[in-house]
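One is the number of the first residue; the rest follow in order along the sequence.
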Amino acid sequence: RFGIKTGANDFFYLEVLPYRPVCPLCGEVHEEALTRQEEALNWAKGARPAENALVAVRNEAGWEGYLEAGSLRPIVKSYRELVNHPDGVPSLRLFVYTEGEHASNYLRHGEKIAIPQRSSVGARSPWWKLSPLTPPRAIVPAGVDREYLFLPNRRGFLIDKRLYGLYRTEPIVVRLMNTSFFKLSLEVLVRTGLGGGLADFTVYEYKQGLLLNPRLLPDPDAEVTDKLVGDILGLNNQEQQELLFALDELIKERVSRANT
């Protein structure tokens, strides 16, 4: 299903700053607060910052200040960023109010600038409570260019509404989705419309993709390759090469058609 829809990204999405600004609540610079490099170091060690640690942040509207680390969660908005840095941490943080003096002040700031009055936010009660806050097991792009890649969400990041999440899928299913057999079935169903030949998939279309039954695998922990899937399907070497060629040609045709 879709990821989180905030209805007010300019308020809920923040980046960690490389410097410490003057605090809008205290009127001082918090020298103990974590900056981008320091916060990233925590994540690189596989540890979240302490819940009450202050983090220097700026939202998409330009507000700068500090929030408690417990109210900030990494969120994947750019699928390309995740593909290019699969072991990294997303650059954006999602404001998820828990508690804290600075987080509470940020809520008051949101009310002051009428965030709760937006139609995209006002239906929630309370207006700042977001869902789903359960990380998906795997992350799936809504739009695909030349390369398909379905990624396990090993570090438990939240995802933006522009991405799909698989919440009850076993790891073996994700590995099977990354085979050419599954990708070819998607190409046959593909719709374009996102520019540059980008394939635009709905949840329904992903469900229509042809996936090898995991029970047919000789070992559920084995590496899943195109060769293994082809052999299970009874395809000879030439037929397996034709399958790969067909997938490549369909992708080229889709991209070429969009550029003409």
Can you list everything that forms a ring pair (Phe, Tyr, Trp, His ring centres under 6.0 Å) with [X]? Sequence neighbours excluded, please.
X: H109; result: W63, Y106
X: F2; result: Y164
X: F157; result: none

Would you tell me whether D226 and S180 have side-chain atoms, one donor and one acceptor, within less than 3.5 Å of each other?
->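 D226 vs S180: donor-acceptor pair found between side chains.
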Residue pair E38 / T35, side-chain donor-acceptor N/O under 3.5 Å |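 Judged by distance alone, the side chains do pair up.
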Side-chain heavy atoms of [X] within contact of [Y], under 4.5 Å:
X: S91; Y: E81; result: yes
X: L184; Y: L243; result: yes
X: L130; Y: F12; result: yes
X: T179; Y: Y148; result: no
X: C23; Y: H102; result: yes
X: I251; Y: E253; result: no
X: L133; Y: I4; result: yes

Is it the case that the side chain of [X] and the backbone of [Y] share a donor-acceptor pair, with hydrogens and angles ignored and the cut-off at 3.5 Å?
X: Q241; Y: Q238; answer: no
X: K183; Y: N178; answer: yes
X: E205; Y: T202; answer: yes
X: S185; Y: G209; answer: no
X: Q240; Y: L235; answer: yes
X: R93; Y: I75; answer: no
X: N153; Y: I139; answer: no
X: S104; Y: E101; answer: no
X: Q117; Y: G122; answer: no

Only counting residues at least two apart or in another chain, list the ones meeting side chain to side chain contact (heavy atoms under 4.5 Å, CB included) with [X].
X: N9; answer: T6, Y13, E60, K77, D160
X: P18; answer: R36
X: E28; answer: C26, H30
X: E223; answer: T225

Going through the checks in order, is the side-chain contact (heavy atoms from CB on, under 4.5 Å) test met by L14 and L67?
-> CA-CA 10 Å; L14 304 105; L67 291 173; 4.0 Å; yes
Which heavy atom of [X] sits nearest to which heavy atom of [Y], and what is that distance?
X: L34; Y: A53; answer: CD1-CB, 4.4 Å
X: G7; Y: S120; answer: O-OG, 2.6 Å
X: E68; Y: N52; answer: CG-O, 4.2 Å
X: A69; Y: V55; answer: CB-CG2, 3.9 Å
X: P24; Y: G65; answer: CD-CA, 3.6 Å
X: I232; Y: P218; answer: CD1-CD, 4.2 Å

Begin from the C-alpha positions of V203 and Y206 and carry the test side-chain contact (heavy atoms from CB on, under 4.5 Å) through to its verdict.
-> CA-CA 5 Å; V203 172; Y206 269 124; 5.7 Å; no
For the side-chain contact (heavy atoms from CB on, under 4.5 Å) test, which of L166, V224, L212 pairs with M177?
->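 Exactly one option meets the side-chain contact (heavy atoms from CB on, under 4.5 Å) with M177, and it is L166.
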Above 12 or not: heavy atoms from other molecules or residues under 6.0 Å from [atom1] of [X]?
X: R154; atom1: CZ; result: no
X: Y19; atom1: OH; result: yes
X: E32; atom1: CD; result: yes

R254 with E187: basic N within carboxylate O range, under 4.0 Å |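 Salt bridge between R254 and E187, a charged N being under 4.0 Å from a carboxylate O: yes.
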Could you tell me which residues satisfy salt bridge (Lys or Arg N to Asp or Glu O under 4.0 Å) with [X], sequence neighbours excluded, listed by chain and number?
X: R175; value: none
X: R80; value: D145
X: E111; value: none
X: E64; value: R58

[X] [atom1] to [Y] [atom2] distance, which is reported to the nearest 0.5 Å:
X: F181; Y: L186; atom1: CZ; atom2: CG; result: 10.5 Å
X: I159; Y: L94; atom1: CD1; atom2: CG; result: 12.0 Å
X: L82; Y: L163; atom1: CG; atom2: CG; result: 8.5 Å
X: S78; Y: N84; atom1: OG; atom2: CG; result: 8.0 Å
X: K252; Y: L247; atom1: NZ; atom2: CG; result: 11.0 Å
X: L176; Y: L217; atom1: CG; atom2: CG; result: 5.5 Å

Hey, could you give me each pair passing ring-ring contact (aromatic ring centres under 6.0 Å, His included) that has a residue in residues 121-142? Not counting sequence neighbours.
->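 Those involving residues 121-142 are F11-W127, Y97-W128.
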If Ile, Leu, Val, Met, Phe, Trp and Tyr residues are connected whenever their side-chain heavy atoms lie under 4.5 Å apart, and connections chain through other members, are [X] and [Y] in the same group?
X: L72; Y: V16; answer: yes
X: L210; Y: L250; answer: yes
X: L233; Y: L211; answer: yes
X: V144; Y: V174; answer: yes
X: V57; Y: I113; answer: yes

Kindly determine whether S71 and T98 satisfy side-chain contact (heavy atoms from CB on, under 4.5 Å), including the steps that lead there.
-> CA-CA 6 Å; S71 289; T98 51; 3.1 Å; yes
Start with the C-alpha distance between R73 and R48, add both sets of side-chain angles, then the distance that settles side-chain contact (heavy atoms from CB on, under 4.5 Å), and finish with yes or no.
-> CA-CA 10 Å; R73 298 275 297 275; R48 292 184 60 176; 3.8 Å; yes
